[in-house]
*Asks:* 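Below is a structure I'd like to ask you about.
We number each residue from 1, following the sequence as shown. Atom set for the values below is all heavy atoms of this structure, side chains included, hydrogens, waters and symmetry mates excluded. Everything numeric in this text was worked out from a predicted model, so none of it was measured.
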Amino acid sequence: KILFKEIECKDLDEEILVKSISRYLSLLKKLKRLATIHELWIKRNDVLFRPEINQLLGHAYFEQKNFKKAEPLLESYYKQSTQITREQLYELSYCYYSNEKLTAADGFKQLSEGADSLSQDAMFLLGDVYLRTGNKASARNAFAFCSGNSSNSKQREIAKFFYAKL
């Protein structure tokens, strides 16, 4: 606790220290604490590792289901990063989806290559996006993909139903 008080009260010369502490807190699921420390630190400094700090803070908000705060941070990270993981793309796409930015949520398409639960969930949500935007043919294809994936049996059955209905 003393270390965290010092971080909040002093300007730091070492961005790496903050990044390391952030990852540690993230692993411990101290998400509210992580968000508080990052917000204070970003306001006070020009951060060398701003993209990574934005990703960590965006992920913390995502885990808290605060998609409105997570979206701009994850979006900033996505634009500044040379490589992004499938999970990070899913988080950003899910933020768009939750914030009703349906045309931007098509990042789910890029996650269709796998045969895992992330791909299945992304395609299910993409099917919903297509339904909401009136693109029934593409929704049917997304649900067909989802119904062929056995990672989540409940989701598979629901996708089969939607596929048959369309």
*Asks:* Look up atom CG in Leu92 and atom NZ in Lys79, then write down how far apart they are to the nearest 0.5 Å.
*Replies:* 9.5 Å

*Asks:* Provide the full list of salt bridge (Lys or Arg N to Asp or Glu O under 4.0 Å) pairs with a residue in residues 132-150, sequence neighbours left out, each pair given once.
*Replies:*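 Matches after skipping sequence neighbours: Glu100-Arg132, Asp128-Arg132.
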
*Asks:* Could you tell me which residues satisfy salt bridge (Lys or Arg N to Asp or Glu O under 4.0 Å) with Glu157, sequence neighbours excluded, listed by chain and number?
*Replies:* Lys160

*Asks:* Verify the distance criterion only: is there a donor paired with an acceptor across the side chains of Glu75 and Tyr96 at less than 3.5 Å?
*Replies:*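 Distance-only check passes for Glu75 and Tyr96.
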
*Asks:* What pairs of residues pass the salt bridge (Lys or Arg N to Asp or Glu O under 4.0 Å) test when at least one of them lies in residues 83-93, not counting sequence neighbours?
*Replies:* Arg86-Asp116

*Asks:* Examine the side chains of Asn135 and Thr133 and answer whether a donor and an acceptor come within less than 3.5 Å of each other.
*Replies:* no

*Asks:* How long is the span from the OG atom in Ser153 to the CD1 atom in Ile158, to the nearest 0.5 Å?
*Replies:*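 Between atom OG of Ser153 and atom CD1 of Ile158 there are 9.5 Å.
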
*Asks:* Would you say Leu102 ends up clustered with Tyr78 if hydrophobic residues are merged whenever their side chains have heavy atoms under 4.5 Å apart, either directly or through other cluster members?
*Replies:* yes

*Asks:* Please report the shortest heavy-atom distance between Asn149 and Ala115, naming the atom on each side.
*Replies:*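 Closest pair (atom of Asn149, atom of Ala115, distance): ND2-C, 3.5 Å.
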
*Asks:* Suppose we screen for side chain to side chain contact (heavy atoms under 4.5 Å, CB included). Which residues come up paired with Lys68, at least two apart in sequence or across chains?
*Replies:* Asn66, Asn99

*Asks:* Judged by modelled atom types alone, do Asn152 and Ser117 share a side-chain donor-acceptor pair under 3.5 Å?
*Replies:*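 On atom types as modelled, these side chains do not qualify, holding no pair under 3.5 Å.
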
*Asks:* Rounded to the nearest 0.5 Å, how far apart are OH of Tyr163 and SG of Cys146?
*Replies:* 13.0 Å

*Asks:* Same cluster for Leu111 and Val129 if Ile/Leu/Val/Met/Phe/Trp/Tyr side chains link at under 4.5 Å?
*Replies:* yes

*Asks:* Linking I/L/V/M/F/W/Y whenever any side-chain heavy atoms sit under 4.5 Å apart, do Leu89 and Leu57 land together?
*Replies:*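 Each belongs to a different hydrophobic cluster.
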
*Asks:* Out of curiosity, does Met123 fall in the hydrophobic cluster containing Phe161 (side-chain heavy atoms, cut-off under 4.5 Å, transitive links)?
*Replies:* no

*Asks:* Find the distance between CD (Gln88) and NE2 (His59) and round it off to the nearest 0.5 Å.
*Replies:*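 Going from CD on Gln88 over to NE2 on His59, the span is 9.5 Å.
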
*Asks:* Which residue pairs pass the ring-ring contact (aromatic ring centres under 6.0 Å, His included) test when at least one of the two sits in residues 117-138, sequence neighbours left out?
*Replies:*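 Sorted result for residues 117-138: Phe124-Phe143.
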
*Asks:* For Tyr94, enumerate each residue passing the side chain to side chain contact (heavy atoms under 4.5 Å, CB included) test, keeping only those at least two apart in sequence or located in another chain.
*Replies:* Phe62, Phe67, Tyr90, Tyr97, Ser98, Phe108, Leu125

*Asks:* How long is the span from the OG atom in Ser147 to the CD atom in Gln120, to the nearest 0.5 Å?
*Replies:* 9.0 Å

*Asks:* Hydrophobic cluster membership, with links at side-chain heavy-atom distances under 4.5 Å among I/L/V/M/F/W/Y: are Tyr77 and Leu56 in one?
*Replies:*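 No, Tyr77 does not connect to Leu56 through the hydrophobic network.
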
*Asks:* Measure the spacing between OG of Ser112 and CG of Asn141 and express it to the nearest 0.5 Å.
*Replies:*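 Between atom OG of Ser112 and atom CG of Asn141 there are 11.0 Å.
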
*Asks:* Check the pair Ser150, Arg156 against side-chain contact (heavy atoms from CB on, under 4.5 Å), reporting the backbone distance first and the verdict last.
*Replies:* CA-CA 6 Å; Ser150 60; Arg156 182 180 185 189; 3.5 Å; yes

